[in-house]
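Since the structure comes first, as C-alpha cells, the remarks are kept for the end.
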Amino acid sequence: MSTSNQSHEMSQHGSKASASTSEGKRKNQKTSRKAVYKRYNTLGQSSGSPALGHPQSGARKSLKDMTKAERRALQEQKVLEKQDRKAAGLPSSAKKASEQEAHRKVASPKIGSTANTPQSPAPDAEKQAKKQQKRLNEVPWLSHLDPPKKPNTASNTNKDLHPAVLALGLRFAEHKMVGSNARCVAMLMTFAKIIQDHKPPSDASFSRHIQKYLDPHIAYLLSVRPMSLSMRECIRWLKKEISEIVEEDPPLTDESARNRLVERIEYFIKERITVADRLIVENGMQKIQNGDVILTYAKSSVVEALLLEAKRSGYEFRVVVVDSRPMFEGKHLLRRLVSAGIDCTYVLLSSIYVVLKDVTKVILGAHALLNNGAVYSRIGTAMVAMAASDKQIPVMVCCETYKFVNRTQVDSLVLNEMGNPDELVVKKSNDENSSNSLTNWRDVPNLRLLNLHYDVTPSKHITLVVTEVGLIPCTSAPVIWREYNEEFRKGVQAK
Amino acid sequence: MVLSKALEAHVESFISRLKRRQIVGSYEVAKETAIILRQVVSTTRWSDATVLIQIIKDLGRRLSAAQPKELAVGNIVRRVLKIIKEVVRGELETDDIMNSGTSEESDDGFSDDDEEDNEEDSDREFKSILAQDTNDNADHTNDAIPARPKLQTESSMFNLLVDQHSDNVDYSAKSYGMKPLIIQEINEEIIADLETVYKGIADQALEHIHANEVIMTIGYSRTVKDFLTKAALKRNFQVIVAETSPTLQGQEMAAALAAVGIETTVITDSAVYAVMSRVNKVVIGAHAVLANGGLVAVTGSQMVAAAAKHHATPVLVCTALYKLSPLFPYDIDLFNVCVTPDQVLSFSEGTLIDKADVQNPYYDFVAPEFVNLFVHNLGSAPPSYVYRLINDNYDSEDTIL
Amino acid sequence: MIHSGADSPIFVMATEIEKQADSAPLDPKLFNAVECYHRFLQDPDMSTPVATFKVFTEFIRCSQAPTMTEFLETLRQVGETIQDASIYDSNEWKSLNNSRTRNPHKATIATLAGIHLFNQFVRRNSSDFTELEDLKATLLNGSARILEKAASARERVAETGAQFVHDNAVILVHSYSRTVMNVLQYAANVQNKRFKVYVTEGRPTSDGLVAVSELQASGIPCAAVLDSAVGFILDKVDMIFVGAEGVVENGGIINQIGTYQIALVAKALSKPVYAIAESYKFVRLYPLNQYDLPSIVPDIVSFSTRRKSSSNALDLGENHSVDLAMSNPSVDYTPPQYLTLLLTDLGVLTPSGVSDELIKLYL
Amino acid sequence: MPSRAKQKQAHGDTDADQVLQAVILSDSFNSRFMPLTYEKPRCLLPVCNVPLIEYTIEFLAISGAQEIFIVATMHAEQIKAYIESSKWSKKNSSSLHIEVVHASECLSVGDALRELDARQLITTDFILVGGDVVSNMKLDKALEAHRSRKRSDSKYTDKNAIMTMVLKEGSSYHPSRARGEESVFVVDPSTNECVHYEPMEPFPRKKRLDINAEIFERHAEIECRNDLIDPLIDICSVEVPALFSENFDWQHLRSDFVRGVLTSDILGKTIYTYISNDSYAARIQNSQQYDSVSRDILKRWTFPIVPETNLQESDIYQYSRGNIYKGTRVMLSKSCIIEDNVQIGSGTVVGENSRVTNSVIGKNCKIGNNVNIEGAYLWDNVIIEDGVAIKRSIVANDAVILTNTTLDNGCIVSFGVKIGPSVALPKYTRVGSQPQPKDDYFDDEEESDDEEGDNAVSDIDLGEQGTGYIWIDKGDNDEDNDPRNLKVASLAFDLKDLSVGKEQGDDSDSASEIGDLSDSDDERDSVGDTWHPEQSQILAARKVEEFKRELEQSISRAFAEQHTVELAALEITGLRMSANGSYDDVRDVIVPAIINQVDLSKPMPSIRTVLKKWGSLIGKVTHGKDDQVHVLHILQVHCADKEQLHKLFLPALRLLYDDDVVEEDAIFRWYNSDRSKQLGPSATALRDKATVFIKWLQEAEEEDSDEDDE
C-alpha cells in the first residue's frame, strides 16, 4: 500500500494543477503507474540503467492536486480497481478515457487511427496480443529481443508527459527520424526543452526533482522504439550531469541549475556531435585522393558530409552507393551526391562483389563503437566490410567519440532491434515477379520474416576509425571511451 | 542449311526465345537442346559420323551464340558429340536397337510440328525407357561413369607415347546401325539423366543434413528445394532463406519450403552475415559450374559463401552434372549478365537514373575456395575433383565448339 | 618467333640426318652426348626437354649396339651423362658473371623431364619388339612424331594462356620465360588485347630486363620491377604469370628462384597465379619442400663463418655478386596450393589435374 | 474467340485462327531529323548500330504479332528493300509475315490510316505503332485488357472501347519523354479509361487544363497524369481506320483522333490506357530522344534488347564492364581510353590517345589520334581525322571530319558530308549533303514563317575542303507554332540556349519557365487542379474566338476541297461540340464565308450556284425563326459593309427564301425588327432595297391566306 500513503504525504502540498482532472482521468493514473512499472522492469533488463523507485513520480505529479474528499474517493476506487483488475483487464471507462486522451493530446490524425486500432487498448491487453504474435511468427532464437513496437499513444501513461517528447516519440516510432546522430540530437534538445519548462513541486528543489521527472519521459522514448546505444550513452551522461548538480555545494538555485543543465546539453551537442562531425570530415579528407573509387553503404550523415566536402574541395573520385531492402536509405544519399555532381554507381548489396572489383576505399558510418573494437551499425555493414577486407580494400569507419560505448558484443543477435517484418513484403500488386509469394505470410504456419536493423562488424574487417580525435585503430576504442569521456567532462567543468 | 525445314523452324524459335530470355533456367534449356539435337540425329541425312559431328558442332555453335551465358547449351552439345564418338568407336553394347529405332521413326513423323508435341512424345519414350530399366536406373547411372572409358581421348600427352592414333579414329567409316544407337544413347545418357537429375540429388539429402540443423540458402533453385524437401521427410531442421533482392527469388523459395512444412525464416540479404553465426550449413544451387570448381550462381551467392567461410560454415552446392562446363573463368565478368536496372532503381526516377549509373548483375561468381562440396546427381565431389567429372562427361577436343 | 620455335626442330632434324649420312657411324662410347646436347641448345628457342630428346634420337640413329639389352643399357648411360651435363651446367653458369648473355641451360629439371619422357617412351615400346632394328625404327619415327607435337606445343600453350588475358589487365611476370613471352605476344598481336605487364628483374641473371625489351619491342606497355618490390606492386596487379622448368607430380612447379615467394604474396593478396608450361615439362618428382629438389643443394643452407666473407664484406664488386649467385639456388619449388591454374598445351589444368596426366603417362 | 485469344496471348505462341496484326507507321510526318531523313527514312536510321525499325519489329515479335503492315510514305522503296533483305523475310521459319504498304501520298498519320482503311487490310484488333518504338514490353496483358472489354463476361465491359493506349510510367521531366510534346492524360484509375487528353507544349506554357465538367459527373475519381511517357503504342479495334476515313480532317493520332473521340458525343466511343511500370518503352521522335533512348539501351534499361543480343544476325557484340560493347575486329590502340557506355561497331579503328565516352560508333569507322568523342553518335564508315573533338552530335554514314575540327553540342552531319579541316561548328548546326529544298515538301500553308529568328547561323564555314550545305530547321507541319518547342526537342539541348532570337516578351517568361522546367517532378498537381470559376468568363470569350477561327479554316477547307454539305456539317458539329460553341457563333462565321464564295465578276450565276450548294448548310445550322432572323441580320450586315456586295443582298435573300432556309415571317420579322433599321446607313439602304421583295411576299401571303379562307 505504499502508493496510497505516498499519495497522502505528497498531497499535503497542493501545487498548481498541470491539467484539469476528471473522474475518468484519475482512474487512468493507476493504470499509468502500472504501465510505468512494467516499462521499468523491461528497461531494467534490457539496459542496466537503475530505474526503480521512479514509478511513483507518475502518481505524484498526477496526485498533486487533490482535496481530502477526492482522496477518500480515490482510495475506495483503488480497492475496487484492484479487484476487477484481478478479474480481468481494465474498466472500460479507462479505455474510453484513454481514447479521448489520444485524440485530444496528439494532433496528427494518423495517431488517432492507431489509437483506435484494437492492438493498443491498454498495456495489459497489448502485452497479451504481443505474446500471441510471438508464439505465431516470431523467430524463436530471437525471442529475447522485444518485437517491433507500435507507438502506444492510446495508453494513458502519456498524459503527464511533456508534449515535445510525445511528438519526438512518434517520429522515432514511425522511423520518420532515423540515423543515430539525428536521433541523439533531437532527444537531447527535447530534454533541454523539458528541463527548461519543468517547474519543480514546491517541496523539492529543481535539481533533486528533475531526474525523477525525466525518467518517465525516457521510459516513454524507450517504449516507442529501442534506443540506439549512443542515445543510452547520452542519457547516461545526462544523468551524471544531473547528479553532479545535486552534489553541488552550496546547492544551486533552481534557475542556475536549470540553465547549467541546458548549457551543458547544448555544449554536449556542439562539442560531441556538430563540431565532431566537422573534425571527422577534416580527418577523413586526408585519406581521399584523386581517382579514388569510394564505396559506401546505406546512409550516414557524416560520410555524406565527407564526400560532399571532398567534391567541394575539388577531388576527382567516383562513389559506389550500396543499398539494401527494405529501407533503401542509400537512395537518399545517392540523390544528394548526384545532385552535387558526383559520379555515382548504385547497386544492391547482393551484387557487391561484382562492383567491388575496382573499388579503392570503403567508407562506412557507425551507430556505435563497442569496447571490443566491433562496430555496431546498420545491418549489412558487416557484409560490406567483410567483402572489402577480403579483397584487401581499406575500410574506414566514421564515428564520433560519443558513440563509443562501454559494452562488448561478439555477435549481432544478443542485442539488436527488430523491424516490422511486413516491410519485407513487396506491396506492388501490379508487377508479377513473385512479389505476392509472401503477401499473407502470417497465415503460413512455418514461415517467419525477420527484419533486423543492426549488425556487429568484427574489428578484423575494419582498417581504421575516423573520429574527431584523429584516425585510430578500432581496437583502441576502450581507451578513447575512458580517456576522452573523462577529458571531455573536465573540459565541461573547466568551462 | 542441312537441317530439315521443320527442325530449322524449331531451332529458330528456340534461338529467338533464348535471345529474348523467354526461356531461362538451365534445365529447360538443356532439355530442349537435347531434344533438338536428337532430332538432328534422327531427321537430317548424314552418311558418316564426321558429317554428323560437323552438323552438330555447327548447330551447337549457333545455339550457344544465341545466349552465350546459358552454358547448359554447350554442355549438352558436348555430351552428344562425345556419345557419337563413343558409339562410333563401338564401345557401346548394341542392345534393343530395334524398338528405340522404331520409336524414332515415329518421331521423325512428328518432328515437323512444334516442340510441345515433341516434348510430350519424347516424354512418352522416356517413360518407355524408364519402364524398361526402372529398377536398374539408379545404379545404371551410378556406374555410368566407370563404364565410360576415358583414357583414350583425354590427353595428347598420352598419345605421344602410345603408337596408335587413338584421337583420329576415322569417323568417316560408313556405319548404318549407328543412328538408332546414337539416338538411344542420347535418350538414356542425356535426356533420361535430365529426367532423374532432381531425384538423384535429392536422394543424397540425408547423407548431408542431420537433425535440428540450421541451413541457409539463397535464391530459388528447384534442385535445392527438392534436396531440402526430401531431407524434411526424415529429419526436422530449420532453413533460413536470404530474400535475394532484387528478384526476391528467395521469398519464393521460402514460401515453397514453408508449404512443405519446413520451418523457414526469411531474412534480408543484408542480414546474412549477422545470422550466419546461427547457421551450420549453407546449401545453394548453381547456374553453371566451371572447370576449376568455381560456379556461376544467383547474385548474392558469393556474399553468402564468403560469410560462411568467415564463420567456418561448410558450403554445399547442389548441381546437376549437365551444369558442369569445361570452360574456365577466364574473366569473372565473362559469365555474368547485367539485366535491366529497373528492379534496383525504378525507371520513373527519371532525373536520378539519368545521372547515376545503376547496375543489376544477375549472376555472381563463387570462387572454388569458398565451396566445400558439390552434390551432383551421381554422387558428390570436392571442387578439386570437378575437372575429373568434366573429363568424364566431355571430350576434351570439344571444349571449344 | 613462335613460328621459328614451331618448325625449327624438324628443320634441325633434317640437317642432322644429312650430317649423319656423310659422317662415319660412331661407336656409342665415342658418341659425345654432352657435346651433341650443347649443340642443340645453341638454338635459343630450343627447350631443354626437346634437346634431350633429340640427343637420344641422334644416339639411336648412330648406335652400334649389337643386342637389345646393350642398346637399352647404352641409352640409360646417355641419359645419365646428359643429366650430369645439365647439372654441371647449372652450377657452372652461375660462376660466369652476368655481363655475359643469359644462359638458358640451367634447366636441370627440364632435362630430367625429357629423359624421363624418353625412357618411358622406350619402355612402352621395347617390350613388344624382338628385333633391335624394328625397335630402333619405331623409336625413330615415334620420336619424330613426338618432336612435331612438342614443336607445336608452345603455340597451343600460347592460345590457351591468352584466353586468360582480358582487356585492361595488369599482369605480373616473373623473370624471363619463353612460354610466357609467347602467351603475352599472342594475346597482344594475334588477339590484339590491351594490357600492361610488370616484369620482375629476376636476379641474379636479370633475365627480366631482356623480357621487358622484348615485350616493348612488340608494343606491349611494360615495366621492370625489383624482385623485392613484388609485394609493393602486387596490389595493382590483376594476375600473375610464371613459367616452369618442371611441373611435378602434385601439380606444383619448379621454376626460377623467386617464384615461390611471389606465389606466397599473391596468395596473401588473393591474386590468381597461372603457371604456364608445355606438357613435356611434366616430371615424375614429388618434392616435399625446397630442399628436396634433384638439383644439388647449394651451400646457402649451411652457414659459413669464413673470415673472408666478413673481411671484404664492404667491397661488393663483381666477384662478390658472382659468388653470391654461386652460393644461391637457381630454382625453387612452388607447392600446388599457391597455384591457381596451369595453362598447358593439353588445355587448362587444375594442379590436381596434373597428377592425372602423369599417372596416365607413366602407368 | 476471346477466351482462345486469351490463352494464346498467355502462351505467346501462335495458333492460326486469329492472327495478331500490327501496323507500323514508318513515317514520322515531320522534319525533326532533317537533313538525315531527307536521304534515309527515320525508321532506318541506326540506333546503337541497328536500324530503328528492327527494334520495333522485335518488340512486336515479342508481343506475338504475326502479321505486320509497314505503311511507308517517304523512301518507301528503301524500306521495302531493307525488309526484304532483313532476317525477318529471310527466315522461312519465322511465324512473322511482314508486308510493306506503299502509301506515297500520305501527309499525316490520319492519311496513312485512311489509306489502310481503303485497302481493307485490317481484319482484327491490331497494334498501331510508329516505326520508331524501342521497347521490351510484352503486350499480352494490355491486349488481354483490351479484348476483355469487348467481352461481355469481364468486369469492365465496354463495347465502345476502340483503343487502348499503352503508356509507360515515368516522371514529368523524364529524359525519355518527348521534350516539347509532353501531354497530360486524364485517367479514371478504377477503369483506366482515358477521359481527357491534353498536349502540353512547354512553350507557351500551359497554365491550365480544361476538363469538361460532365466528366466529373461520370467518373468517381480521375487522375491527371503528367508523368507518363507516351511511346505511341496503341491497341486499336478494327473500326479505328474507318473512323479516320469518316473524319477526313483528323491528322494526328493524339491531338486529333484521341481528342476528337473523347470530346465528340456523337461518336460515343471510349479510349482506355494501359499504364506499364515494369518494362521499358519509348519512341524516338526527335534527336533529344534519339540521345536518351540510345543511352538507355547502352545502360541496359531495354534488356534483353541490348547490343550483345545482336538483333542483326550479322554482328557480334561483346559486353564488358562499364557498359562497353565491342564488335568483332575492333582495333583499339594501346593508349586510347574507352570510358563508360560506349559501343563500337566491328572493324572500327581507334587511334592513339583518343578518348571515347558515352558514345556509339558504327562499323568500319576510322578514328585518328588525339580525338575526343563525347556523347556522340557516329554511324558507319565515318572517318574522323586527328585532333577532332565531337560533343553530343550525330554524324551519319561516310561523313568525314577533317583534322582539328570541332563539333559542338547538337550538331547533325548528314551522309557523306565533309567538314574541316580546322573549323568549329557552333551548337545545333545541321549539315546536309544536298541543299535544303526551298519549300520543304513537309511545309503546308501555315508553316514556319516565324523561324527567321534562328536563321542567323546559316553562314557557317565548313572548311575549305568542306562539302555539304547548312540546313536551318524548319518547324513541323503540326501546329505547334512556337519554334522553341522544336529547339527543346533537339539533341543535347540545354535550356540556357533558349533565348535565341525571340522577342523580349517570350524571353522574360521563358526565363521563368526555364526555372520551373529544370525543377523536378511535382508538375502533376499544378496541372491537376483545373477549375477556376472566376476566370471562366474570359476563358469562354477566348474560346469562342478560337472556335470561330477553327470554323473559318474548316469551312474554307470545305470550299477548297469541294466537300459535300453533309461532311461540312458533320465537321462543323464536331468543332462546335469540342468547343461547345453556340449555333449563333457558327452562323456568324459561315454566312459571310459563303457569301464570300461568290465571285463578283459574274455575280448572278455564281451566287445562284453557291447558294444552291451551301444554302442548305446554313439551313442545317438554323433552327427556328429567331435563328433565321439572325441569319438575315448577318447577311444584311455582311453585304452592307462592302459595297460591291450590296447587289448580292437581294438575290441572296431571294435564294435563301427559295431554299426555305428562311421563311416569310422570319423575313417579315427581320424587316420590321428595329435592329435591321439601326445597322448603319448602307445596311438600312439594303433593307429598303428589300422592301419590294417584302411587298411581293405579303401579297403572295394574302393570296394564299385568302385561299385558306375558302
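Convention: sequence-line order gives letters A, B, ...; per-chain numbering from 1. These numbers come from the heavy atoms of this one structure, side chains and all, not from hydrogens, waters or symmetry mates.
- Counting heavy-atom pairs under 4.5 Å between each of B:N360, B:T268, B:V304 and chain A puts B:T268 at the top.
- Of the atoms belonging to A:V456, it is backbone heavy atoms, and not side-chain ones, that fall under 4.5 Å from chain B.
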> Which is it for B:D333 and A:K357 under the side chain to side chain contact (heavy atoms under 4.5 Å, CB included) test, yes or no, and what are the steps along the way?
Replying inline: CA-CA 10 Å; B:D333 300 341; A:K357 200 173 171 191; 3.5 Å; yes
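- Counting only distance, with no hydrogens or angles, the side chain of B:T299 and the backbone of A:S350 share a donor-acceptor pair below 3.5 Å.
- The distance from the OH atom of A:Y346 to the CG atom of B:L352 is 8.5 Å, given to the nearest 0.5 Å.
- Heavy atoms closer than 4.5 Å to chain B are found nowhere in A:V321, neither backbone nor side chain.
- A donor-acceptor contact closer than 3.5 angstrom is absent between the side chains of A:R325 and B:S245.
- Atom-to-atom distance recorded for B:T247:OG1 and A:L348:CG is 10.0 Å, nearest 0.5 angstrom.
- For the set B:Q238, B:E263, B:Q359, B:R278, the count of heavy-atom pairs under 4.5 angstrom toward chain A peaks at B:R278.
- Note that OG of B:S346 and NZ of A:K331 are 7.0 Å apart. Values are rounded to the nearest 0.5 Å.
- Here the side chains of B:L345 and A:F328 are not in contact, with every heavy-atom distance at 4.5 Å or above.
- Here OG1 of B:T264 is found 6.5 Å from CG of A:N446. Values are rounded to the nearest 0.5 Å.
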>> Evaluate B:D364 against A:Y353 for side chain to side chain contact (heavy atoms under 4.5 Å, CB included), listing each step before the verdict.
In response: CA-CA 8 Å; B:D364 219 344; A:Y353 273 86; 4.2 Å; yes
> Could you go step by step and tell me if A:S324 and B:D269 meet the side chain to side chain contact (heavy atoms under 4.5 Å, CB included) rule?
Replying inline: CA-CA 8 Å; A:S324 68; B:D269 298 338; over 6 Å; no
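- One finds the NZ atom of B:K355 at 12.0 Å from the CG atom of A:L337 (value rounded to the nearest 0.5 Å).
- Between the CE atom in A:M383 and the CE atom in B:M276 there is a gap of 7.5 Å [rounded to 0.5 Å].
- With a 4.5 angstrom heavy-atom cutoff, A:L349 touches chain B via backbone and side-chain atoms both.
- Considering A:N451, A:V425, A:L447 in turn, A:L447 is the only one that fulfils the side-chain contact (heavy atoms from CB on, under 4.5 Å) rule with B:V266.
- For B:I240, the part sitting under 4.5 Å from any heavy atom of chain A is the side chain, from C-beta outward, and nothing else.
- The pair A:D390-B:K309 fails the salt-bridge criterion, with no side-chain N (NZ, NE, NH1 or NH2) lying under 4.0 Å from an Asp/Glu carboxylate O.
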> Going through the distances and angles, do A:Y297 and B:S270 end up as a side chain to side chain contact (heavy atoms under 4.5 Å, CB included)?
Replying inline: CA-CA 11 Å; A:Y297 176 69; B:S270 45; 3.5 Å; yes
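- Among A:V338, A:D455, A:I379, the residue making the largest number of heavy-atom pairs under 4.5 Å with chain B is A:I379.
- For a residue to count as touching a neighbouring chain, one of its non-hydrogen atoms must lie under 4.5 Å from one of that chain's; by this rule B:Y363 touches chain A with the backbone only.
- Taking 4.5 Å as the limit, every side-chain heavy atom of A:V347 sits out of range of all side-chain heavy atoms of B:V358.
- For B:I267, the parts lying near chain A are the backbone and the side chain together; criterion is any non-hydrogen pair under 4.5 Å.
- Contact of B:Q302 with chain A is made through backbone and side chain together, with heavy-atom distances under 4.5 Å.
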